[in-house]
Amino acid sequence: MVNIPILIQEMGLTKLTNSVYVGTMKFTIDTVVAFLGEFPSEHPDVVLVTEQLAEMRKAYQTLDAAYALTLRSAVTDEIAALDAEGDQVFLAVKEMVAAAMRLTFDTEKLRHAQVYSEFLKKYKVNVQENMISEWSKIQQLCEEAAASQTLTQAEAALGMTAAMDRLTAIATEIRQKITQRSGELPEAEQMKKARAAMDPEYRAMITVINASAVFTRNTSFDSLIKTLNGNLNYVRIHAMSKTATGDTPEPAPQPEPTPTPTPELS
């Protein structure tokens, strides 16, 4: 009776999130490296696998660097820092107005506070909302306030001039940095290109392993194939099903970008 070797299953790669995709590629490479360690150097049964591993590793280096960029961008970090500072300044402005509203004995400050309170309500700024929406409102708010003598007088009377100047500066800087980031090659596009280059190398590795298992009849391939299939089953059951619901899936194993001297975006 002829034993038909098991083969590596097919997997739809385009449906995988970046984290799951990178994890799957890394798991495949690490598993193949461990498998090859069981054979003498240049063993005829695994020579094609060894050659393809080298090609897959090259593609993975680019993929890993692109994935790291999607997780961290210098410009994105700067925007986040400005957003956090701006939120605190805006909340401080609201508190100054609210505090003046409580000073009922100072009718002049109370009048200015009432005017400014109604002005702030008009824009309905929420520091917890989408950052683009939030800072679009704040920028318009700052521009209107600067153009209104009544509002600038209220700011001076309430001691808010410095805070509003800083809020205006932050709004301008955030807009500039968002424009800068969108003008660069998007991190997502780099990742897309890296995945497109990785796909054929991964599929070539699967083809080589399956072919080697069939033609060499070396039973050592059974263990390798079972391990790779086990990971693919995990991804199919746990990761791909969650992707369809919009949840963030966890790969098996969870990938971590390899530390590299790749310069940050500026």
**Prompt:** Does Glu144 pair with Lys137 as a salt bridge, N-O distance under 4.0 Å?
**Reply:** no

**Asked** Taking only residues two or more places apart in sequence, or in another chain, which ones meet Lys58 in a side chain to side chain donor-acceptor pair (under 3.5 Å)?
**Response** none

**Request:** Tell me, please, which residues at least two apart from Ser133 pass side chain to side chain donor-acceptor pair (under 3.5 Å).
**Result:** Glu129

**Request:** Quick one: closest heavy-atom pair of Val127 and Phe90, and the distance?
**Result:** CG1-CD2, 4.1 Å

**Request:** Could you tell me whether the side chain of Arg166 and the main chain of Glu85 form a donor-acceptor pair under 3.5 Å?
**Result:** no

**Request:** Compare all side-chain heavy atoms of Arg57 with those of Leu53 and state whether any distance is below 4.5 angstrom.
**Result:** yes

**Request:** Might you confirm whether atom CZ of Arg203 has over 12 heavy atoms from other residues, nucleotides or ligands at distances under 6.0 Å?
**Result:** yes

**Request:** List for me each residue that meets side chain to side chain donor-acceptor pair (under 3.5 Å) alongside Asn229, sequence neighbours excluded, and say none if there are none.
**Result:** none

**Message:** Measuring only between side-chain heavy atoms, which start at C-beta, is Gln114 closer than 4.5 Å to Val97?
**Reply:** no

**Message:** According to salt bridge (charged side-chain N to carboxylate O under 4.0 Å, His left out), does anything in residues 145-159 pair up with another residue at least two apart or in another chain? List the pairs.
**Reply:** none

**Prompt:** Taking the side chain as C-beta and beyond, is there a heavy-atom pair between Met205 and Ile8 under 4.5 Å?
**Reply:** no

Can you give each donor-acceptor pair under 3.5 Å made by side-chain atoms of residues 28-40, sequence neighbours left out, with the distance rounded to 0.1 Å?
unit_1, atom_1, unit_2, atom_2, d
Thr28, OG1, Thr24, O, 2.8
Asp30, OD2, Lys26, NZ, 2.9
Thr31, OG1, Phe27, O, 2.7

**Item:** Intermediate values then yes/no, side-chain contact (heavy atoms from CB on, under 4.5 Å), Tyr21 and Leu63
**Value:** CA-CA 10 Å; Tyr21 182 89; Leu63 177 73; 3.8 Å; yes

**Request:** For the residue pair Gln128 and Glu134, establish whether any side-chain heavy-atom pair is separated by less than 4.5 Å.
**Result:** no

**Request:** Indicate yes or no: at least one non-hydrogen side-chain atom of Lys122 is less than 4.5 angstrom from one of Glu118.
**Result:** no

**Message:** When you compare the side chain of Val22 with that of Tyr60, does any pair of heavy atoms fall below 4.5 Å?
**Reply:** yes

**Prompt:** For Tyr123, which residues count as a ring pair (Phe, Tyr, Trp, His ring centres under 6.0 Å) partner, sequence neighbours excluded?
**Reply:** Phe119

**Asked** Backbone N or O of Gln149 within a donor-acceptor pair of the Thr152 side chain at under 3.5 Å?
**Response** yes

